[in-house]
Amino acid sequence: MKKVLVLEDEASIRGFIVINLRRAGYEVVEAESGEEALEKLQQHADVRVALLDIMLPGIDGFEVCRRIRATNSRIGIIMLTARSQEMDKVTGLMTGADDYVTKPFSPAELTARVDALMRRSGGGNEESSEEIRQDPFLLNTRNRTLEKNGERIKLTQVEYSIMCMFMENPGKALSREEILDLVWGRDYFGELKIVDVNIRRLRLKIEDNPTNPTYITTVWGYGYKWEF
Ligand code: CA
């Protein structure tokens, strides 16, 4: 069952999220406060992903995240953050949460992030757990293959992991540190240069014109972004 919990005290934002997740095929459990969210999670043990707003009356989203993690390491947690002030706190919190989405976000961005976490927690259905289609690209996560316009592109395991990371994070600027963590793992203490080298090679394989990339763009002084 693809069940998602949405904790958000602002009714209009909650409604927007709920509608879009239902449209994407998810069953949604709603909560307006942290206390209610924890209660609902007790009742719905099959929730696979929780979206947690941070600023709430009563206990805040960080505390909710901490309490969920105290007993449940399996559930996927995405924090809903405001653009500016909460970023540092979120970074500090990444041990507990799996991901965060910055408001305002598009329905496509939100569902892509929930889909990605669903896949990782093994709760996706057949279709969404095997393929990510972003024309002209088709990523098959079971065979670990990539096609562009129906033609297979041969990738190394690392290049595949980078593509997977990008396609799961459409439109999101990813720092080189973040990419290193996501692809090589947190225990890898390599140089950031390895990120650039691999992305340069990947561009040669997937871009129409590698000297003027349009899919993987550079975010100067920061990292890279998948333009979808
Ligand atoms: Ca709020």
Side-chain angles (χ1 to χ4, degrees), residues 1-121 123-124 168-175 177-178 181-182 219 222 225-226 228:
M1 209 59 224
K2 302 205 304 172
K3 206 182 265 191
V4 180
L5 174 109
V6 176
L7 164 59
E8 166 66 70
D9 59 317
E10 280 174 63
S12 60
I13 301 177
R14 193 174 65 247
F16 168 81
I17 296 171
V18 169
I19 282 173
N20 284 291
L21 288 176
R22 290 205 173 124
R23 246 176 229 158
Y26 289 107
E27 192 179 332
V28 184
V29 177
E30 297 180 52
E32 330 184 8
S33 70
E35 291 81 354
E36 189 187 354
L38 293 168
E39 214 177 283
K40 292 242 164 119
L41 281 175
Q42 299 254 308
Q43 297 160 10
H44 302 268
D46 55 343
V47 167
R48 309 298 296 247
V49 172
L51 299 179
L52 308 179
D53 183 31
I54 294 171
M55 305 296 278
L56 297 161
I59 58 171
D60 68 11
F62 295 123
E63 181 59 20
V64 175
C65 180
R66 203 184 60 73
R67 291 194 197 175
I68 293 173
R69 277 287 178 255
T71 58
N72 188 339
S73 57
R74 211 178 41 116
I75 191 172
I77 299 179
I78 300 176
M79 306 304 292
L80 306 175
T81 78
R83 188 159 293 284
S84 50
Q85 76 274 22
E86 289 163 352
M87 287 303 286
D88 289 343
K89 284 200 255 168
V90 166
T91 311
L93 179 100
M94 289 308 277
T95 46
D98 297 290
D99 202 354
Y100 58 89
V101 181
T102 307
K103 297 176 189 176
F105 42 78
S106 69
E109 187 185 356
L110 183 73
T111 49
R113 308 287 275 284
V114 174
D115 288 347
L117 215 47
M118 247 333 145
R119 261 194 304 282
R120 246 171 276 153
S121 71
E168 287 178 344
N169 292 282
K172 183 186 172 191
L174 296 161
S175 72
E177 289 83 358
E178 221 171 331
D181 273 356
L182 286 167
V219 182
Y222 186 73
K225 182 163 139 185
W226 181 244
F228 267 90

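Reckoned from all heavy atoms, side chains included, excluding hydrogens, waters and symmetry mates. Order of listing sets the numbers, starting from 1, for every ligand and every atom in it. Since we're looking at a predicted model, the values are computed, not measured.
For D53 and K103, the salt-bridge test passes: some basic side-chain N is under 4.0 Å from an acidic carboxylate O.
For the Ca ion (ligand 1), protein N, O or S atoms closer than 3.0 Å were enumerated as D9 OD1, D53 OD2, M55 O, with waters left out.
Legend: residues meeting side chain to side chain donor-acceptor pair (under 3.5 Å) with E109, ordered by chain and number and at least two apart, are R113.
In this structure, the side chains of I59 and R67 come closer than 4.5 Å at one or more pairs of heavy atoms. Contact annotation: the side chain of R69 approaches that of I75 to within less than 4.5 Å [non-hydrogen atoms, C-beta and beyond]. The side-chain heavy atoms of T81 and F105, taken from C-beta on, include no pair separated by under 4.5 Å.
Considering CG of L41 and CG of D46, their distance stands at 10.0 Å, rounded to 0.5 Å.
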